[in-house]
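Let me begin by presenting the structure, written as structure tokens, before commenting on it.
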Amino acid sequence: MRELEKHMLLKDKTVIVTGGSRGIGRAVAVACAQHGANVVVSHHSHADETIADIQALGRGVVAVKGDVADPQTAQLLVQAAVENFGGVDVLVSNAGICPFHGFLDMPLETFQRTMEVNLHGAFYVTQAVANRMKDQGRGGAIIAISSISALVGGEYQTHYTPTKAGVHSLMQSTAIALGKYGIRCNSVMPGTILTDINKDDLSDPEKVAYFNKRIPLGRMGQPEDIGGAVVFLASDMAAYVTGASLLVDGGLFVNLQ
Ligand SMILES: NC(=O)C1=CN([C@@H]2O[C@H](COP(=O)(O)OP(=O)(O)OC[C@H]3O[C@@H](n4cnc5c(N)ncnc54)[C@H](OP(=O)(O)O)[C@@H]3O)[C@@H](O)[C@H]2O)C=CC1
Ligand SMILES: C[C@H](O)[C@@H]1OC(=O)[C@H](O)[C@@H]1O
């Protein structure tokens, strides 16, 4: 057991993961728990599977239901981390939506909701957690799940890609604002990862074949592919990494043709 613990990069840390109920957020929450962390899982419907996964690992877990677009949710997440685990060491701002839609007839509410959940939500939770980390006086790590879409466009993602560029930019600016408190801020940029968010978009086998062919590693990503990158950035292994971004895309971005 002791031998195993030596390899735990987040032993006894407390991690908040927004959107931790499914997809990338669930895989990240579980990866953090596998590395010894206790986890506060934020969700919008239920988080039963993630809770069971983390309990099975013998780590602490608490779920908090709320809309990340509501600033109050951010306060509740910090409160849950403090009450259950005594503080917060790591934030993974992951919750997001991508309701695919064309640009010219984009409904105003679709645009506004995507901004509010993906970008405003990331701001609220980053600010709330950063204030707590500052008061604790022991630094911390904040990781935003941005996207390859921060760097490239998408015809049906004109409301979405600016939010992913926005959260990356948020990490760059907060890295500067929070460096003096020992709080590191970075973003992870996943490529195309198979989750509920793109199930409909990827229901066309031709599109799937096209993606698999374009990706140098020959496959689209699984949620678990993102966990390791997040654990690394959250851990002391990345003690001198801040304001950075890490593409986790199987090589998709660099393959122009
Ligand atoms: N899949 C991909 O290819 C890529 C995804 N990303 C980003 O990764 C993140 C996670 O996406 P992914 O796992 O694919 O998506 P999923 O749809 O599988 O999961 C989305 C998660 O976000 C939560 N969520 C959605 N809206 C809210 C809200 N208003 N308040 C609180 N929680 C909310 C959901 O909670 P609940 O289950 O309770 O509804 C769920 O846990 C997103 O930010 C996305 O932009 C980035 C690059 C690629
Ligand atoms: C939801 C999309 O499939 C996914 O989201 C992203 O951020 C990626 O760039 C993909 O387009």
Side-chain angles (χ1 to χ4, degrees), residues 16-31 39-51 53 63-74 76-77 92-101 110 112-122 124-126 143-168 170-171 187-204 207-208 210-211 214-215 219-227 229-230 245-250 252-253:
I16 295 175
V17 183
T18 68
S21 55
R22 291 183 281 138
I24 291 171
R26 178 180 172 190
V28 164
V30 171
V39 187
V40 176
V41 178
S42 123
H43 63 98
H44 203 211
S45 51
H46 71 88
D48 302 350
E49 289 88 358
T50 312
I51 293 169
D53 290 344
V64 176
K65 184 171 177 168
D67 183 352
V68 293
D70 177 354
Q72 184 61 23
T73 300
L76 294 176
L77 288 168
V92 184
S93 174
N94 162 79
I97 56 172
C98 182
F100 288 80
H101 206 288
T110 304
Q112 287 177 337
R113 181 67 180 155
T114 306
M115 286 283 163
E116 283 162 10
V117 173
N118 295 8
L119 184 54
H120 299 195
Y124 300 143
V125 75
T126 297
I143 296 128
I145 304 301
S146 171
S147 171
I148 190 174
S149 296
L151 309 174
V152 293
E155 180 174 357
Y156 298 100
Q157 295 178 306
T158 56
H159 52 328
Y160 171 81
T161 59
T163 68
K164 296 285 106 177
V167 298
H168 171 54
L170 176 65
M171 289 300 103
S187 56
V188 168
M189 296 182 170
T192 299
I193 311 297
L194 295 164
T195 69
D196 291 343
I197 208 172
N198 50 27
K199 215 187 242 169
D200 290 345
D201 186 51
L202 294 174
S203 58
D204 172 5
K207 191 162 186 178
V208 170
Y210 164 76
F211 263 116
R214 264 200 70 178
I215 296 170
R219 64 171 177 87
M220 284 182 274
Q222 294 294 336
E224 292 71 23
D225 289 316
I226 306 303
V230 170
S245 61
L246 180 50
L247 261 174
V248 186
D249 69 344
L252 175 61
F253 180 70

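Keep in mind it's a predicted model, so treat the numbers as computed, not measured. Indexing begins at 1, ligand by ligand and atom by atom, following the structure's order.
- The I193 neighbourhood of ligand 1 comprises atoms 1 (N), 2 (C), 3 (O), with distances under 4.0 Å to a heavy atom of that residue.
- For atom 39 (O) of ligand 1, the nearest non-hydrogen atom from the set H43, K65, R22, R113 belongs to R22.
- At least one N or O atom of T195 sits closer than 3.5 Å to an N or O atom of ligand 1.
- Those atoms of ligand 1 that come under 4.0 Å of a heavy atom in G96, given as number and element, are 20 (C), 22 (O), 25 (C), 42 (C), 43 (O).
- Looking only at protein heavy atoms, the nearest one to atom 4 (C) of ligand 2 is Q157 NE2, 4.1 Å.
- If you look at F253 next to ligand 2, there are no close heavy atoms at all, none under 4.0 Å.
- Remark: ligand 1 and N94 share an N or O pair separated by less than 3.5 Å (distance only, no angle test).
- Protein heavy atom nearest atom 7 (O) of ligand 2, with residue, atom name and distance: S147 OG, 2.5 Å.
- Checking only distances, Y160 does come within under 3.5 Å of ligand 2, N or O to N or O.
- Close approach of ligand 1 to S146 (heavy-atom distance below 4.0 Å) involves ligand atoms 46 (C), 47 (C).
- Residue contacts with ligand 1 for I24 involve both N, CA, C or O and side-chain atoms from C-beta outward (heavy atoms, distance under 4.0 Å).
- In terms of protein heavy-atom proximity, atom 9 (O) of ligand 2 is nearest to S149 OG, 2.4 Å.
- Among T50, I197, D67, the residue whose heavy atom lies closest to atom 29 (N) of ligand 1 is D67.
- Between N198 and ligand 1, at least one N/O pair is under 3.5 Å apart.
- When only non-hydrogen protein atoms are considered, atom 1 (C) of ligand 2 lies nearest to I197 CG2, 3.5 Å.
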